[in-house]
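Have a look at the structure below, then the notes.
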There are 2 protein chains.
Amino acid sequence: MARRATKAPPSSRDDLDARKAAILQAVVNEHVDTAQPVGSSSVASNADVVVSPATVRSEMVALEREGYLAQPHTSAGRVPTDKGYRYFVDHLQSGVLGSAQQHQVKEFFANVRGEVEDVLEQTSMLLTQLTSYTSVVVGAGHSNSTVLSVQLVNLDARHQLLVTVFSDGSVVKHSIVSAFDVKHVDVAEASRQLNALLIGTTLHTRVQVPSRADHVATLVRDAVSVLHAEQPTSDGEQVFIGGSSKVAEVFDGVETVRKVLGILEQELLVVSLVQDILDQGLSVAIGAETGYEPLSSCAVIVAPVTIDGLPAGAVGLLGPTRMKYREAMAAAQVVSQQLTRHYAGDDERG
Amino acid sequence: MARRATKAPPSSRDDLDARKAAILQAVVNEHVDTAQPVGSSSVASNADVVVSPATVRSEMVALEREGYLAQPHTSAGRVPTDKGYRYFVDHLQSGVLGSAQQHQVKEFFANVRGEVEDVLEQTSMLLTQLTSYTSVVVGAGHSNSTVLSVQLVNLDARHQLLVTVFSDGSVVKHSIVSAFDVKHVDVAEASRQLNALLIGTTLHTRVQVPSRADHVATLVRDAVSVLHAEQPTSDGEQVFIGGSSKVAEVFDGVETVRKVLGILEQELLVVSLVQDILDQGLSVAIGAETGYEPLSSCAVIVAPVTIDGLPAGAVGLLGPTRMKYREAMAAAQVVSQQLTRHYAGDDERG
DNA sequence: TATTAGCAGTCAATTCTACCGAGTGCCAAC
DNA sequence: GTTGGCACTCGGTAGAATTGACTGCTAATA
């Protein structure tokens, strides 16, 4: 077990000597291409590997023992494990987008207009087009935004609608059911008071609500509480998922397809999946790293989007562990950067 | 071809005598259950068919000639064609929901609160739970609604947000990019004028915009045009799709799954699919009747939702042509009725 | 000592064959 | 018109044989 290294010492626990690394990379590249287990001879024919198949074989035995490769069955080639992909990704020199794709991205961001929601949704489609993987775009919640305006509107005597505009350009509505018939003048007055109370605050800000028992005060209290109640569930993040049909293209087993779609259906879960990966400081989660068993054969690539240096969402790509990491990561990165720049107060505002 | 009928005359072009009908129904029922071609003997053992397999066989030959059944290959049983399913559906005595499911629906509608969007989304989940099929809920556009309130909000000097509240409780926002720096007082004044102009109108109403060249008038013109521009694309309908992962459960071929998911991704297309079926006065579209080739092995069940007698959306279910029509149609019908009742000005307002 | 060629062994995938059996169409009998 | 009987068809399955892409091991080599 404890063999002494001669030239390139496997310095610590997670480093392979140059030859093993080259072999591992060859295996990953080949397997991503063909979806088949790869054998020693095809590795040996790789330009970066200058030894014979026999040597490759003995190295592969070592790589398997160390958990980077696995063998589906005795007389088959090797397949990368999650750990193998992890090593591959960690030692990947970041790629660049093909020029056609770069052009496509440029063109896209030069031409998008409209509401943030539309831009984000279209961005997700763009990502899917670029990579052929399912994409996710998460828009930030308005927890950092301040209130620009609130307005109470009478739907009928018992039902009011609270419309709040935030500084990030998002608009939310909340309906209020009153226990008493509300007069128009009261709504107008409550609206006025709410504006005075809330403009400039965030959802976190504690505000002093009137404690009187009259109709207007009750309306104001109800409005504030319904607005601030939004907190716990979700911060109003928006999720846009593009190309879920790619799931059926990219995974083989129907069972896998079902499980992955089942995850994608739950938007809150997708948000926290992306968030968790970012929180761990990762840009890729492979297999079990995603934290969700149904995604054990998936890899998720994420890239944060910021506005004025603050986190403001993320873009993501979901594919099989056997995915084209270099290209996909490049795409995610470029798009997230462009998106960041697009909202850097530059010109357009959603 | 022109055979004279003795007892139950096949009155016109689309009617089968009682025996053929019984056989067709038996085939459909069996096939829906087993997903296998159905043979003469298993049909003959059905309680509603009182003849021998040999007789069944000769009838099945006739049914095949008339296009109700098909034979995958010579020595296999029969499978219903789209036409066969169509006959089956047309002559289906409407079923009722199981009591457990009825209870579930009651409970659901007794407890839902909140914004229309949330209710509709949850309704779609309910439908999926009830039937195990993918469900679609389409919320009406606000083409019939009147404007309750409009408000212009300054995001910054060059960007304004137009927030419009409709009588159906929906809120839409539109962003406006100004060619000049806008003062707050101008925004307030424009807001006032817009309210005077638009309250009570629908999106179809022609309004008289000021033709002056000053900043306020320009803002008002921009706001009106951006609001009315919404028309052509979509009426602001909302689509909620639940249980798209069921697609992978219910269809066998990965290719079919991909095609169907590809359709479901295009929300506008889903809206018009549902709308087309309703416009044809149908409640079920089978195979080619859907009008979309990728859905050729699908059936779509729809049921309209009304508010005050006016169409206000629809619920739908998408499954394989080989689907449990009775149960699914019952579910769609019950849910659409409950939804209609729920918004019949009863108590809660979204 | 590291590398390599050679070789025997393993095992999934493929092909072939035979066969079974579900189901048909036809026909003669009822 | 209905039925039982019968020969026929043909997809699906099961088993055996074959293939071939691998491996691990070992002995020779640099």
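Sequence lines set the chain letters: A, B, ... in the order given, protein chains first and strands last, and positions in each chain run from 1.
For the segment residues 21-46 of chain B, the set of residues with a heavy atom within less than 4.0 Å of an atom of DNA chain D is empty.
Taking the charged nitrogens against the carboxylate oxygens, A:E289 and A:R86 do have a contact shorter than 4.0 Å, which makes a salt bridge.
None of A:Q104, A:E327, A:Q102 except one satisfies the side chain to side chain contact (heavy atoms under 4.5 Å, CB included) rule with A:L130; the exception is A:Q104. Under the side chain to side chain contact (heavy atoms under 4.5 Å, CB included) test applied with B:V27, the options B:S40, B:P80, B:S42 reduce to a single match, B:P80.
Protein atom CD of A:E64 is 10 Å distant from nucleotide atom P of D:dT23, rounded to whole Å. Counting to the nearest Å, the P atom of C:dG23 and the CZ atom of B:R78 are 11 Å from each other. Look at NE2 on B:H73: it is 11 Å from C1' on C:dT24, rounded to the nearest Å. Distance, B:Q71 CD to D:dC10 P: 10 Å, rounded to whole Å.
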(Q) Go through it in stages, so that I can follow the logic: the residues are B:T321 and B:S297, the test is side-chain hydrogen bond (donor to acceptor under 3.5 Å, both in side chains), and I'd like the CA-CA distance, side-chain angles, deciding distance and then a yes or no. (A) CA-CA 6 Å; B:T321 48; B:S297 58; over 6 Å; no

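Nearest nucleotide to the side chain of A:V61, out of D:dG24, C:dT4, D:dC10: D:dG24.
Atom OH of A:Y85 sits about 6.0 Å away from atom OH of A:Y325, to the nearest 0.5 Å. The line from OG1 of B:T134 to CZ of B:F251 is 7.5 Å long, rounded to the nearest 0.5 Å.
The phosphate of C:dT3 has OP1 or OP2 within less than 4.0 Å of a side-chain N or O from A:R19. Between B:R65 and C:dG25, a side-chain N or O to OP1/OP2 separation shorter than 4.0 Å is absent.
Side chain of A:S296 to main chain of A:G287: no donor-acceptor pair is present (N/O by atom type, distance under 3.5 Å, no hydrogens or angles). Between the side chain of B:Q101 and the backbone N or O of B:A331, no donor-acceptor pair lies under 3.5 Å.
If you check every strand for non-hydrogen atoms under 4.0 Å, B:T55 touches a base.
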Identify the pairs formed between an N or O of the protein and an N or O of nucleotides 5-8 of chain C at a distance under 3.5 Å, and give each distance.
from, atom 1, to, atom 2, distance (Å)
C:dG6, O6, A:R57, NH2, 3.1

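Side-chain atoms of B:S75 come within donor-acceptor range of the base of D:dC10, with a qualifying N/O pair under 3.5 Å.
Applying the side-chain hydrogen bond (donor to acceptor under 3.5 Å, both in side chains) definition to pairs two or more places apart or across chains, those involving residues 241-261 of chain A are A:S245-B:E265, A:E249-B:R258, A:E255-A:R258, A:R258-B:E249.
Comparing B:V51 and A:M60 by the nucleotide of DNA chain D whose heavy atom lies nearest to each, the residue mapping closer to the 5' end is B:V51.
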